[in-house]
Amino acid sequence: MALWKKILIAMVLGGGVGIFMGPQAEILKPIGTLFINLIKMLIVPLVFCSLVVGVTSMQDIGKMGRIGLKSLLLYLSTTAVAITIGLTMATVLTPGAGLEMTVSEAAAPVAKEAPTLVQTILNMVPKNPVDALAAGNILQIIVFALGLGVALTMTGEKGRPAVKVFESLAEGMYKLTELVMKLAPYGIFGLMAWVAGKYGLDILLPLGQVIVAVYIGCILHVLGFYSTTVALVARLNPVRYLKGLINPAAVAFTTTSSSGTLPATIKAAREEMGVSKGISSFVLPLGATINMDGTALYQGVCALFIAQAFGVDLSMGDYATIILTSTLASIGTAGVPGAGLIMLSLVLTTVGLPLEGLAIVAGIDRVLDMARTSVNVCGDLMVSILVGKSEGELDEAVFNKSESSKAQTQLA
Ligand code: ASP
């Protein structure tokens, strides 16, 4: 049976078992944790080796700059569309209407300070690359890997042996990813059972409207916006795109970490979508770090929800501020569970909305995180397809191939 079918069955089974067992489903969590740990084990070496190889395989520094710029522009514009969808959903469904919450004067949660632009740029450069690797600071790892890749390319013949080592290590990491992904159905079963058991149906109902607004927004963004863009701009069959993203989306849904899903995302881009190694290993780690469409959409919905719940009227200027700060906040959001909630405080403070709102959303954040992380990953994949196609580095035969012929290619 294909992996994606097993994963879907595991999610449904896990959800059912979790609801049946209730909080006792906690005992199944270690199976999920084991899977998450295995996947985390892959991230740093995979990102580092595949980025170095991605750069050295391009041979041409100008091309790298062009691809970087294209990815950045696509990442920013898709994020702006996502927030707009989020704001629209919250305006149409008005999830906070009728809640009539008031701000308690005593409670003044501490807002996260927004780092300045200069600080952000300075923080991107690792003072000690080994520290960055040990700490798993993806942005710093990206900067170092890009630098090393460019330098090795410029070194020419003398750099070849090192490039070969990275190429061979990267292949090993891809293989290890494949092996770990074979365990995905079990890990996903354990995680789904735990979440469904912990949250059950009770907690979902009171804030059901927010959940509905975020989920419908996410579905619209993927099925409407991404699929249409794949069909109209890349001129590819959107159904293939949707099918190819099932594995990484399911991993994202259950682990709620786009950095953690990165190995599965890279695998899907290469094997399901036919995106070249060079493009996928460059565009996807960048996307997993800075492109968070789902998070931006969620911040749009939550900001309006909180405004409605506390009866705050927002002006057109406030809406513009929400779009701008949500875009920046989503870039700064780390691809780890719950990071979007912390960054929501930044958006609320900028627009002057009560931070008490965070406490209401926090109760259901895991459920919202599942949807937004999946969208974050689907967005990265969509951009890798667009960039790959525009650079002539997308193998349409792989993209359009049926399941059986893909298996045959792998066997051959
Ligand atoms: N969990 C999300 C991710 O990893 C980030 C967030 O909390 O919004 O993509």
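When a ligand or atom number is given, it counts from 1 through the structure's own listing order.
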For [atom], find the nearest protein heavy atom and state the residue, atom name and distance (0.1 Å precision).
atom	answer
atom 2 (C) of ligand 1	T373 OG1, 3.3 Å
atom 4 (O) of ligand 1	S258 N, 2.7 Å
atom 1 (N) of ligand 1	D369 OD1, 2.8 Å

Task: Pairing of E171 and K277 as salt bridge, 4.0 angstrom limit - done: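 Salt bridge flag = yes for K277 with E171.
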Expected output: side-chain [X] to main-chain [Y] donor-acceptor under 3.5 Å:
X	Y	result
S326	I323	no
D369	P337	no
Y241	F399	no

Open item on the list: Determine whether the aromatic ring centres of residues F48 and F166 are separated by less than 6.0 angstrom.
Closed with: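 Yes, close enough.
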With backbone taken as N, CA, C and O and side chain as the heavy atoms from C-beta onward, which portion of [X] lies under 4.0 Å from ligand 1: side chain, backbone, both, or neither?
X	value
M343	neither
T256	backbone
V336	backbone

Open item on the list: Could you walk me through whether M292 and S258 satisfy the side-chain contact (heavy atoms from CB on, under 4.5 Å) test, starting with their C-alpha distance in whole Å, then the side-chain angles of each, then the deciding distance to 0.1 Å, before giving a yes or no?
Closed with: CA-CA 9 Å; M292 307 267 170; S258 38; 3.8 Å; yes
Task: V375 vs L297 side-chain heavy atoms within contact, under 4.5 Å - done: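 No; the side chains remain at least 4.5 Å from each other.
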Open item on the list: In the structure I gave you, are the side-chain heavy atoms of R270 and I266 within less than 4.5 Å of one another anywhere?
Closed with: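 In short, these two side chains touch, coming nearer than 4.5 Å.
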Which atoms from ligand 1 have a heavy atom of [X] less than 4.0 Å away?
X	value
G340	6 (C), 7 (O), 8 (O)
T295	5 (C), 6 (C), 8 (O)
M292	9 (O)
G335	3 (C), 4 (O)
G338	7 (O)

Open item on the list: N376 versus ligand 1: do any nitrogen or oxygen atoms come within less than 3.5 Å of each other?
Closed with: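 Yes, at least one N or O pair falls under 3.5 Å.
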